[in-house]
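For reference, the structure is listed below as structure tokens.
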Amino acid sequence: MSGAPSPAVYPLLLWPQAASQAAVHVDWLIFAFTAVTLLLTVPIFLAITYFALMYRSGRQVDRGHTSDRNVKIELSWMLIPFFLTLAFFAWGAQIFDVEKHAPANALEIQAIGRQWMWKFQHPGGQAEINDLHVPTGQPVLINMISQDVIHSLYLPAFRVQMETLPGRYTQLWFKAERPGQYRLYCSEYCGTDHSVMDGLLYVMSPSDYARWLSQAGSSQSLAALGKRLFSNYGCSGCHGAGATIRAPDLAGLYNRPVPIDGGGSVIADDTYIRDKILNPDNNLIAGYKQVMPSFKGVIPEDELMQLIAYIKTMETSS
Amino acid sequence: MARGDLRVLLRVLRVPALTLAALLALLAINVALGATLPFRNVWIVEAGVTACMVAIVLLVSMDILEETPLIRLFSSIGFFWLLIMFGMTLTDYAYR
Amino acid sequence: MAEPVGIMLAEHFSTVTQQRQAAKLGLWAWLITELLLFAGLFLCALIIRIQHPASVTLAATHLKFWIGAANTAVLICSSFTMSGAIVLSRIGWRAGMLRFMLATAALGTLFLLLKGFEYYQDYVEHMVPFLSGPYVLAHDQASRLFVDVYFITTALHGVHLITGVSILLVLTWQASRPHFLTRHQNRIEVYGLYWHFIDLIWMIVFPVLYVLNR
Amino acid sequence: MSPSDAVMRDPGTPQATMGRPSDYLHAQHTLRSWFFTTDHKRIALLYLASITVFFVFGAIAAGLIRLCLVVPNGQIFTNDTYNKIFTMHGVIMVWFFLIPSIPSTFGNFLLPLMIGAKDVAFPRLNLLSWYVFMTGALFTMATLVIGGVDTGWTFYAPFSTTYSNTYVIPALLGVIVVGFSSILTGLNFVVTVHMMRCPGMTWFRMPIFIWTLYATSLIFLLGTPVITLALILLVMERAFHIGVFDPRLGGDPVLFEHLFWFYSHPAVYIMVLPGMGVITELVAAFAQKRVFGYRFVAYASIGLASITFLVWGHHMFVNGQSQLASTVFSFLSFAVAVPSAVKVYNWTATIHKGNIRLDTPMLYAMGYIGLFVLGGLTGLFLATLAVDAHLHDTYFVVAHFHYIMVGGTMLAFLGGLHYWWPKFTGRMYPEAFGRVGAFLIFVGFNVTFFPQFILGYLGMPRRYHDYPPEFQLLNILSSAGSTILAVGYFFPMIYLTWSLWFGKRAPANPWQARGLEWTTSSPPPPHNFAVTPRVDFDPYDYAIKAREVG
């Protein structure tokens with residue numbers, strides 16, 4: 001375990017802590033599902049036990065009037081449990097749909113999984129390892145990627161997890177409501193120290209969070225860091241204002257369709273922009289000559305996230 | 001070779017020879033299309049031609065037309081499973 | 001010229017029809033597994049096309065289209081000779097059947113030789129990204145995925161063909177002995193199904209790798 | 001009534017006395033006669049012996065895992081050693097025990113007997129299948145024991161292709177080879193069921209066990225080649241860098257998961273379906289009653305085998321699969337509940353008004369029904385999208401599939417082993433010890449795995465060597481349960497071995513059961529039946545008997 005003070009340790013925990021209303025909602029779903037499960041199974045258990053004892057060989061009981069088929073009964077015990085449980089499919093799918101669509105105003109935190117640690121970057125540029133501080137009352141979107149194998153960011157207090165994949169961004173969001181310390185884990189097996197790739201999740205009131213941000217110390221926001229990288233890596237030489245080389249204009253690029261050489265288009269999302277920086281020769285953009293060098297192996301994942309953060313702000317500046 | 005032998009040979013080889021001709025003709029279409037790419041989405045035609053070739057081999061060369069229903073079932077079940085595999089996987093990749 | 005044709009009844013079967021049908025059904029069951037084995041590769045090829053369309057087109061234009069086309073024609077011809085062997089085995093014309101079987105094996109070998117030449121050409125043109133050496137499309141990383149699928153698919157098909165030719169040669173040797181058709185005619189039928197199916201797989205491989213949107 | 005018919009109608013009739021040693025066990029004695037046999041019954045015993053050895057290895061690994069988890073900070077082994085142990089447990093139990101367990105042992109032994117055939121359709125292929133199995137399994141076992149593999153039985157890319165530093169390739173090669181054994185067995189069974197049924201044995205006169213074996217064989221044929229290919233691709237990528245999953249080239253590791261689960265979810269039904277068949281046989285025999293709704297139960301077997309190919313994506317809800325795919329897969333997973341419910345409710349209805357004997361096999365069967373129901377319904381929890389987002393990759397999953405595989409397959413295996421033991425060996429097992437063993441296994445199993453549902457719900461991830469201290473009490477409980485379970489397993493191992501020499505000689509039909517396998521002697525003669533049977537009655541023809549007793 002990481003050395004930080006642990007969350008409340010109970011000798012025997014029987015119900016997990018919930019840090020959000022959504023988590024409580026999932027608990028209700030599981031609770032109701034358990035109730036229906038018992039409704040469907042307890043009669044079977046009782047019936048089997050009762051029949052086994054009642055009709056034991058040698059007992060004198062009425063064994064007559066049995067039939068060996070009854071289509072109506074069989075259809076009903078096929079279909080009634082199915083439709084009963086189908087309600088839970090719908091309920092679960094509805095919650096899942098909410099989990100998949102983060103509100104637009106969410107605070108975006110970048111996360112990188114690698115063997116065997118988590119790195120989080122806040123929009124203000126504050127970075128932390130393994131532990132994560134988040135404010136209450138505001139939706140938080142975690143945009144994450146893996147640097148090596150598949151990991152999975154698991155936040156049981158919010159009843160959510162999402163895998164981090166190499167080469168592709170995935171997202172997870174939650175709205176914290178109850179301040180406290182909770183655990184976070186890597187839940188997808190990732191090698192030697194998989195079981196120590198965990199940390200603590202600090203849910204704080206907005207003011208505490210602001211205080212923590214200022215103490216965590218970062219002079220520059222993620223976008224500002226990205227802007228500096230943009231010139232350091234020479235991106236501004238071609239993509240910047242007044243560049244002599246004809247390179248695609250990045251202002252307003254984010255989340256717009258980009259026409260592809262040979263027809264079709266792709267949406268310029270985080271994964272696309274990252275891919276274009278690393279492999280500019282893939283999926284050439286229509287109307288431009290490809291002259292950009294590849295930055296594969298040059299720019300690390302955390303700096304890629306900063307560059308993308310900067311490119312996103314170019315949308316508003318134009 | 002005796003004259004009678006030749007006649008027998010021609011008789012029994014009639015269907016295989018016709019199959020050969022049909023397959024080569026279809027291949028020629030596909031090769032021509034692939035070499036020239038005459039229009040957009042030509043792959044739809046090419047896939048259709050390929051399906052025809054597969055059907056001819058199955059039905060004629062492999063005698064499915066004359067087989068028992070059981071063997072017919074077994075010859076199609078694999079292709080049906082292919083549809084499941086491709087269809088279900090595409091619900092992921094086509095909607096990411 | 002015609003010999004009696006039939007099969008020898010094995011101990012645990014009760015009729016010849018049963019034994020014949022069992023062999024055929026067993027081979028069809030095996031062919032299902034062959035189809036699904038290759039289907040996994042076709043699925044990979046499809047997914048790579050969806051994810052990297054431009055890279056796949058680029059890589060596909062570097063494949064040896066005309067060798068692939070010639071090879072397809074060779075296999076179609078071998079299908080014909082195999083059919084010939086089967087129909088002659090049914091009428092008990094052993095000498096003709098043997099010639100057709102040898103022709104089939106020869107065409108299969110020709111396919112493998114052409115395939116080997118194609119691999120050599122790929123090597124010369126630096127289209128073998130997994131070997132230490134230059135790769136002509138090194139600037140387009142994703143193209144490697146498709147080239148990898150090309151090599152795995154064709155190699156796997158090649159393995160099937162090598163197995164097929166070997167079995168065919170052994171079968172030809174067995175069939176050259178007297179009384180073979182009297183006892184084991186259905187071996188020719190069953191083997192023919194396998195050969196046709198390898199051809200069928202190639203008829204799908206060729207368009208999937210070489211032709212579609214090249 | 002023909003003479004053969006008379007034998008069928010009255011199982012109590014003594015067999016034509018041909019005098020020992022006329023049965024398949026005593027027909028020949030040389031080692032050669034065992035290792036080059038084409039007799040399906042002897043091949044079944046070869047499988048039984050080999051999978052028992054593999055089970056012992058897998059169980060030792062499980063014991064080490066539970067030992068290690070008694071303390072939260074995992075001081076007993078290093079992290080790497082722990083990872084190798086759970087991989088060994090998973091690989092051995094899934095690939096070398098559970099998948100071949102019931103089909104290759106009971107299936108091989110009973111399939112020809114139950115349909116009145118002299119042997120399977122391709123006896124030599126059957127023997128080859130065992131050799132292929134042993135080649136692959138021993139190869140992988142050697143790797144696991146000497147060097148170890150740390151990928152988990154799921155071999156996810158890119159960890160397995162690039163990052164693991166262990167003997168992944170040899171382990172994969174062994175698993176690939178074992179897959180061919182599955183294919184050959186499945187092929188043999190499919191053809192045998194279609195072609196080798198004795199006169200009068202129509203499809204709807206076949207025992208349910210044969211239906212489930214047939215369905216399982218279809219899964220072998222339709223699923224196994226895909227996993228073979230997926231694993232070949234892993235080997236290619238790891239050994240020669242010819243890969244399609246490598247994310248550094250833009251490849252998609254999720255594609256491996258699609259190919260992997262396209263087989264590996266149906267593989268669950270390879271393990272479960274034959275178990276269901278065994279339980280149906282046991283329930284009917286020990287309730288002395290026809291199977292309620294025979295046709296529905298038979299169709300449900302084929303239904304399960306088909307639906308199981310449509311639900312693999314429920315293993316992938318949180319890995320970046322599209323939301324549409326997740327929703328579709330979730331919905332289809334609920335459909336699995338339909339045929340499963342048919343089975344469970346129909347077993348219950350079969351027991352109703354039966355003439356029930358609570359012998360050891362029946363105890364296992366009743367335990368099976370309870371555990372399978374719990375395992376199945378928790379599967380529905382995991383198929384629910386929002387619930388899976390919480391429980392995925394936690395101990396809840398571990399508990400769920402152990403309820404299915406141990407509570408399901410393992411109990412069915414043990415139940416069937418006791419039920420057919422007299423037929424296999426010609427000896428009876430000691431009943432009292434049998435009941436104690438069944439009780440210990442049931443209790444030990446529940447104490448081991450029920451706490452894991454709670455652990456998972458509390459958020460303990462699986463494959464964790466080093467876990468937070470608040471989970472310790474439940475882990476200790478689970479480990480304590482595993483010791484009871486281990487003692488339970490020792491029981492049958494010891495007394496069944498004992499009974500081989502000292503058990504009471506078994507009559508042809510010790511359970512007064514119906515079915516062709518009980519009409520021949522125990523153990524059966526080399527060619528199964530003195531005269532080819534002719535069937536003119538329905539399966540589970542218990543009606544007359546039940547009325548007499550009632």
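We name chains A, B, ... by the order of the sequence lines, and we start the count at 1 in each one.
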Checklist entry - Which bit of Val291(D) comes within less than 4.5 Å of chain A, counting heavy atoms only: side chain, backbone, both or neither? => result backbone
Checklist outcome for this item: Ranked by heavy-atom pairs below 4.5 Å to chain D, first place among Thr85(A), Ile95(A), Val71(A) goes to Thr85(A)
Next on the checklist: With side chain to side chain contact (heavy atoms under 4.5 Å, CB included) as the test, pick out the partner of Glu188(A) among Asp393(D), Val318(D), Asn319(D).
Outcome noted: Asp393(D)
Item to check | Phe88(A) ring center near Phe334(D) ring center (under 6.0 Å) | outcome: no
Checklist entry - When you look at Phe45(A) and Val373(D), which way does the side chain to side chain contact (heavy atoms under 4.5 Å, CB included) test go after all the steps? => result CA-CA 9 Å; Phe45(A) 299 151; Val373(D) 165; 4.2 Å; yes
Item to check | Contacting region of Ser340(D) [heavy-atom separation from chain A under 4.5 Å] | outcome: neither
Checklist entry - Would you say Phe204(D) has more than 12 foreign heavy atoms packed within less than 6.0 Å of its CZ? => result yes
Checklist entry - Where on Leu40(A) is there a heavy atom nearer than 4.5 Å to chain D: the side chain, the backbone, both, or neither? => result both
Item to check | Sub-4.5 Å side-chain heavy-atom contact between Phe331(D) and Leu86(A) | outcome: yes
Next on the checklist: Under a 3.5 Å distance rule, please check whether Glu74(A) uses its side chain to pair with a backbone N or O of Phe296(D) as donor and acceptor.
Outcome noted: no
Checklist outcome for this item: Heaviest contributor of heavy-atom pairs below 4.5 Å to chain A, chosen from Met460(D), Arg462(D), Arg295(D), Met366(D), is Met366(D)
Checklist outcome for this item: Honestly, the part of Met54(A) sitting under 4.5 Å from a heavy atom of chain D is neither
Checklist outcome for this item: d(Arg159(A) CZ, Asp388(D) CG) to nearest 0.5 Å is 14.5 Å
Checklist entry - Relative to chain A, which segment of Phe86(D) carries a heavy atom at a distance below 4.5 Å: side chain, backbone, both, or neither? => result side chain
Item to check | Positive for ring pair (Phe, Tyr, Trp, His ring centres under 6.0 Å) with Tyr189(A), one of Tyr156(D), Tyr163(D), Tyr464(D), Phe159(D) | outcome: Phe159(D)
Checklist entry - Does Phe51(A) reach the side chain of Thr348(D), with side-chain heavy atoms less than 4.5 Å apart? => result yes
Next on the checklist: Quick check on the 6.0 Å ring-centre criterion: do Phe33(A) and Phe381(D) meet it?
Outcome noted: yes
Next on the checklist: Between Thr327(D) and Phe89(A), is the side chain to side chain contact (heavy atoms under 4.5 Å, CB included) condition met? List the steps.
Outcome noted: CA-CA 9 Å; Thr327(D) 313; Phe89(A) 157 73; 3.9 Å; yes
Checklist entry - Parallel, tilted or perpendicular: which fits the ring planes of Phe96(A) and Phe317(D), with parallel below 30° and perpendicular above 60°? => result tilted
Item to check | Within-4.5 Å side-chain heavy-atom neighbours: Asp62(A) and Lys353(D) | outcome: yes
Checklist outcome for this item: Greatest number of non-hydrogen atom pairs under 4.5 angstrom with chain D, of Asp148(A), Val160(A), Leu172(A), Asp193(A), falls to Asp148(A)
Checklist entry - Is the backbone N or O of Gly459(D) less than 3.5 Å from a side-chain atom of Arg183(A), with the two atoms forming a donor-acceptor pair by type? => result no
Checklist entry - With a 3.5 Å cut-off and no angle check, do the side chains of Asp198(A) and Tyr467(D) form a donor-acceptor pair? => result no
Next on the checklist: I need the residue from Pro339(D), Ala337(D), Ala341(D), Gly370(D) with the largest number of non-hydrogen atom pairs under 4.5 Å to chain A.
Outcome noted: Gly370(D)
Checklist entry - Based on non-hydrogen pairs under 4.5 Å, which of Pro72(D), Pro158(D), Gly251(D) is most in contact with chain A? => result Pro158(D)
Checklist entry - Of the listed residues (Ser160(D), Gly250(D), Ala300(D), Gly354(D)), which shares the most heavy-atom pairs with chain A below a 4.5 Å separation? => result Gly354(D)
Next on the checklist: If I take atom CD1 from residue Ile73(A) and atom CZ from residue Phe292(D), how far apart are they, to the nearest 0.5 angstrom?
Outcome noted: 5.5 Å
Item to check | Part of Leu165(A) within contact of chain D (heavy atom distance under 4.5 Å) | outcome: side chain
Item to check | Residue selection (most heavy-atom pairs with chain D, distance under 4.5 Å) from Leu155(A), Thr170(A), Thr34(A) | outcome: Thr34(A)
Checklist entry - What part of Trp91(A) gets closer than 4.5 Å to chain D, counting heavy atoms only: side chain, backbone, both or neither? => result neither
Checklist entry - So what's closer than 4.5 Å to chain D heavy atoms on Asp27(A): side chain, backbone, both or neither? => result both
Checklist entry - Does a sphere of radius 6.0 Å around CZ in Arg248(D) hold more than 12 heavy atoms from other residues, nucleotides or ligands, not counting ones at 6.0 Å or beyond? => result no
Checklist entry - Considering only heavy atoms, which portion of Glu99(A) lies under 4.5 Å from any heavy atom of chain D: side chain, backbone, both, or neither? => result side chain
Checklist entry - Is chain A contacted by the side chain of Ser164(D), its backbone, both, or neither, given a heavy-atom distance below 4.5 Å? => result neither
Item to check | Region of Leu29(A) that comes under 4.5 Å of a non-hydrogen atom in chain D | outcome: side chain
Next on the checklist: Once rounded to the nearest 0.5 Å, what's the spacing between atom CZ of Arg59(A) and atom CD1 of Ile356(D)?
Outcome noted: 10.5 Å
Next on the checklist: Is Asn165(D) in contact with chain A via its backbone, its side chain, both, or neither, using a 4.5 Å heavy-atom distance?
Outcome noted: neither
Item to check | Proximal component of Pro166(A), with respect to chain D [non-hydrogen, under 4.5 Å] | outcome: both
Next on the checklist: Under 4.5 Å from any heavy atom of chain D, what part of His151(A) do you find: side chain, backbone, both or neither?
Outcome noted: neither
Next on the checklist: Quick check on the interface: out of Leu377(D), Thr350(D), Thr151(D), Ile351(D), who has the most heavy-atom pairs with chain A under 4.5 Å?
Outcome noted: Ile351(D)
Item to check | For the student: nearest non-hydrogen atoms of Pro253(D) and Ile150(A), plus distance | outcome: CB-CD1, 4.1 Å
Checklist entry - Which residue, Asp150(D), Asp80(D), Asn83(D), Asn79(D), forms the side-chain hydrogen bond (donor to acceptor under 3.5 Å, both in side chains) with Thr192(A)? => result Asp80(D)
Item to check | Best-contacting candidate, Val254(D), Leu374(D), Thr166(D), Thr384(D), against chain A by heavy atom pairs under 4.5 angstrom | outcome: Thr384(D)
Checklist entry - With a 4.5 angstrom heavy-atom cut-off, which part of Thr394(D) approaches chain A: side chain, backbone, both or neither? => result side chain
Checklist outcome for this item: One option among Arg56(A), Arg168(A), Gln161(A), Met78(A) has the most heavy-atom pairs under 4.5 Å with chain D, and it is Gln161(A)
Item to check | Portion of Thr164(A) that has a non-hydrogen atom of chain D nearer than 4.5 angstrom | outcome: neither
Item to check | Nearest non-hydrogen partners of Ser57(A) and Arg357(D), listed with the distance | outcome: CB-CG, 3.6 Å
Checklist entry - Side chain, backbone, both or neither: which part of Ile454(D) has a non-hydrogen atom closer than 4.5 Å to chain A? => result side chain
Checklist entry - Which bit of Tyr154(A) is near chain D, if near means a heavy-atom gap under 4.5 Å: side chain, backbone, both or neither? => result side chain
Checklist entry - Does some side-chain heavy atom of Ser195(A) sit less than 4.5 Å from a side-chain heavy atom of Arg463(D)? => result no
Checklist entry - Do you know which of Ala22(A), Gly167(A), Ala157(A), Pro156(A) has the most heavy-atom pairs under 4.5 Å to chain D? => result Pro156(A)
Item to check | Contact class of Gln115(A) relative to chain D, heavy atoms under 4.5 angstrom | outcome: side chain
Next on the checklist: Looking only at heavy atoms and a cut-off of under 4.5 Å, which of Asp97(A), Val26(A), Leu79(A) has the most pairs with chain D?
Outcome noted: Asp97(A)
